[in-house]
Amino acid sequence: MAQYGKAEYWEERYTRDPEPFDWYQRWAGLKDTLLEYVQPSSSILMLGAGNSRLSEEMYEEGFQNITNIDISSVVVKAMQDKYRDKPGMTYVQMDGRAMELPDQNFNVVVDKATLDSILCGEGSTHNAQKLLQEVSRVLQANGVYVAVSHGQPSYRLTYLQRPEFGWNVKIYTVQKPMMGMTASLSSDDKDNVHYVYVCVKGEPAPKGDGQ
């Protein structure tokens with residue numbers, strides 16, 4: 001089993017294979033869901049950006065305030081070079097569990113497979129909690145955390161619905177793209193959808209639905 005929870009895995013992987021690579025989905029697959037929550041003026045944090053084309057595709061559609069972080073210095077350096085000519089698109093080497101970023105700094109945090117990667121590693125519950133605490137900290141008071149995941153709600157909501165975050169979690173599904181375009185972290189992934197968890201900060205959960 002690949003060590004998706006380990007920084008060394010990603011350093012070695014991006015050194016060996018510098019080609020752009022997208023886990024799960026690209027912008028075309030996420031756009032209809034995300035446009036309700038992300039505006040071109042939004043300040044966006046891309047968590048575990050890797051060498052995904054998602055930021056580039058969003059940038060080309062007018063989202064031009066994107067901070068990309070990744071634990072791998074190899075991929076961050078490559079992306080800094082690649083996007084030198086795109087003002088407002090920055091890449092910084094950083095661990096999502098301990099972000100050197102100010103409180104309440106972003107309108108939107110986008111996480112495509114980062115939470116899933118951490119949940120594949122040792123100390124997964126503790127590390128996932130640290131990641132989500134940091135996400136909550138850097139989000140503005142009415143900010144939105146978007147987690148694109150292969151994990152079903154029964155597994156993910158235990159992390160996302162913790163009372164200290166105060167997030168109202170909405171669940172969307174998007175069809176998986178044809179294989180070859182994107183990849184999955186999980187070989188036992190039999191569903192034909194990915195889950196998009198949209199966690200809205202400071203918005204009360206709806207009453208009367210048994211929550």
Side-chain angles (χ1 to χ4, degrees), residues 20 22-71 75-76 79-80 82-118 131-149 156 159-161 164-174 182 194-206:
D22 276 276
W23 296 100
Y24 305 164
Q25 295 281 337
R26 290 179 61 179
W27 175 237
L30 298 172
K31 184 174 174 175
D32 289 350
T33 304
L34 296 194
L35 283 178
E36 189 181 333
Y37 300 99
V38 190
Q39 279 76 45
S41 59
S42 299
S43 79
I44 300 164
L45 174 65
M46 201 65 72
L47 207 55
N51 55 16
S52 157
R53 283 158 292 205
L54 181 62
S55 292
E56 177 186 340
E57 290 167 349
M58 290 181 72
Y59 191 94
E60 285 166 2
E61 293 216 0
F63 301 89
Q64 299 194 345
N65 182 358
I66 306 180
T67 301
N68 299 272
I69 70 167
D70 199 277
I71 203 165
V75 81
V76 165
M79 295 296 101
Q80 285 170 341
K82 182 174 180 180
Y83 296 123
R84 270 197 303 258
D85 59 343
K86 288 188 167 24
M89 175 99 103
T90 57
Y91 277 80
V92 190
Q93 194 270 329
M94 205 176 283
D95 185 339
R97 296 165 301 179
M99 294 190 238
E100 294 154 38
L101 294 166
D103 292 359
Q104 299 198 0
N105 200 43
F106 296 97
N107 304 114
V108 181
V109 175
V110 179
D111 165 355
K112 190 158 64 88
T114 299
L115 179 61
D116 285 5
S117 295
I118 283 178
L131 177 78
L132 296 173
Q133 281 167 345
E134 281 290 89
V135 167
S136 181
R137 181 182 69 75
V138 302
L139 270 179
Q140 292 180 4
N142 56 351
V144 178
Y145 169 50
V146 178
V148 184
S149 172
R156 290 297 177 265
Y159 295 100
L160 299 174
Q161 286 184 329
E164 65 261 38
F165 301 139
W167 292 340
N168 179 21
V169 184
K170 302 180 171 103
I171 305 167
Y172 300 87
T173 54
V174 287
T182 62
H194 289 122
Y195 296 92
V196 182
Y197 297 96
V198 176
C199 309
V200 183
K201 196 172 175 182
E203 182 179 290

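For the single chain, residues carry numbers from 1 onward in sequence order. The figures that follow rest on heavy atoms only: side chains count, while hydrogens, waters and symmetry mates do not. Since the structure is predicted, the reported quantities are computational estimates derived from the model, not experimental observations.
Applying the side chain to side chain donor-acceptor pair (under 3.5 Å) test to Lys31 and every residue at least two apart in sequence or in another chain returns Glu61.
Side-chain atoms of Gln93 never come within 3.5 Å of backbone atoms of Val76 as a donor-acceptor pair (strictly under, hydrogens ignored). One N or O on the side chain of Gln80 and one on the backbone of Tyr91 form a donor-acceptor pair closer than 3.5 Å. Side-chain atoms of Thr114 come within 3.5 Å of backbone N or O of Leu47 as a donor-acceptor pair. With hydrogens and angles ignored, the 3.5 Å screen pairs a side-chain donor or acceptor of Tyr59 with a backbone N or O of Pro87. With Lys201 contributing its side chain and Leu139 its backbone, the two residues share a donor-acceptor pair below 3.5 Å. Using a distance-only test at 3.5 Å, with no hydrogens or angles considered, a donor-acceptor pair links the side chain of Arg137 to the main chain of Leu101. The closest donor-acceptor contact from the side chain of Ser43 to the backbone of Asn105 lies under 3.5 Å. Using modelled atom types, no side-chain atom of Gln104 and backbone atom of Val138 make a donor-acceptor pair closer than 3.5 Å. Between the side chain of Lys112 and the main chain of Tyr24, no donor-acceptor pair closer than 3.5 Å is present. Counting only distance, with no hydrogens or angles, the side chain of Asp22 and the backbone of Arg26 share no donor-acceptor pair below 3.5 Å.
Counting only heavy atoms from C-beta outward, the side chains of Arg97 and Ile118 approach each other to under 4.5 Å. Here the side chains of Phe165 and Gln133 are in contact, with some heavy-atom distance below 4.5 Å. At least one side-chain heavy atom of Trp27 sits less than 4.5 Å from a side-chain heavy atom of Leu34. Proximity of Leu160 to Tyr145: side-chain heavy atoms (C-beta onward) are separated by under 4.5 Å at one or more points. Between Leu30 and Leu54 there is a side-chain heavy-atom pair separated by less than 4.5 Å. Contact annotation: the side chain of Met79 never approaches that of Asp70 to less than 4.5 Å [non-hydrogen atoms, C-beta and beyond]. Counting heavy atoms from C-beta on, the side chains of Ser55 and Lys86 never come closer than 4.5 Å. At least one side-chain heavy atom of Arg156 sits under 4.5 Å from a side-chain heavy atom of Tyr197.
Note that CG of Asp95 is 9.5 Å distant from CD of Glu100, once rounded to the nearest 0.5 Å. Going from atom SG of Cys199 over to atom CD1 of Ile171 covers 9.0 Å, rounded to the nearest 0.5 Å. Atom CE of Met58 sits about 5.5 Å away from atom CD1 of Ile66, to the nearest 0.5 Å. Interatomic distance, Ser41 OG to Asn107 CG, rounded to the nearest 0.5 Å: 7.0 Å.
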Next on the checklist: Set out, in order, the CA-CA distance, both residues' side-chain angles and the distance that settles side-chain contact (heavy atoms from CB on, under 4.5 Å) for Tyr172 and Val198, then state yes or no.
Outcome noted: CA-CA 8 Å; Tyr172 300 87; Val198 176; 3.6 Å; yes
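Residues Gly62 and Pro40 come closest through the heavy atom pair O-CB, 3.5 Å. Of all heavy-atom pairs spanning Gly29 and Gln25, the tightest one is CA-OE1, 3.5 Å. For the pair Trp167 and Leu132, the tightest heavy-atom approach, listed with the atom from each and the gap, is CH2-O, 3.9 Å. Minimum interatomic distance between Gly96 and Glu134 (heavy atoms only, all atoms of both residues): O-CB, 3.4 Å.
Just one of Val135, Thr67, Ile44 meets the side chain to side chain contact (heavy atoms under 4.5 Å, CB included) condition when paired with Phe106; it is Thr67.
Heavy atoms of other residues, nucleotides or ligands lying less than 6.0 angstrom from CD of Glu164 number more than 12.
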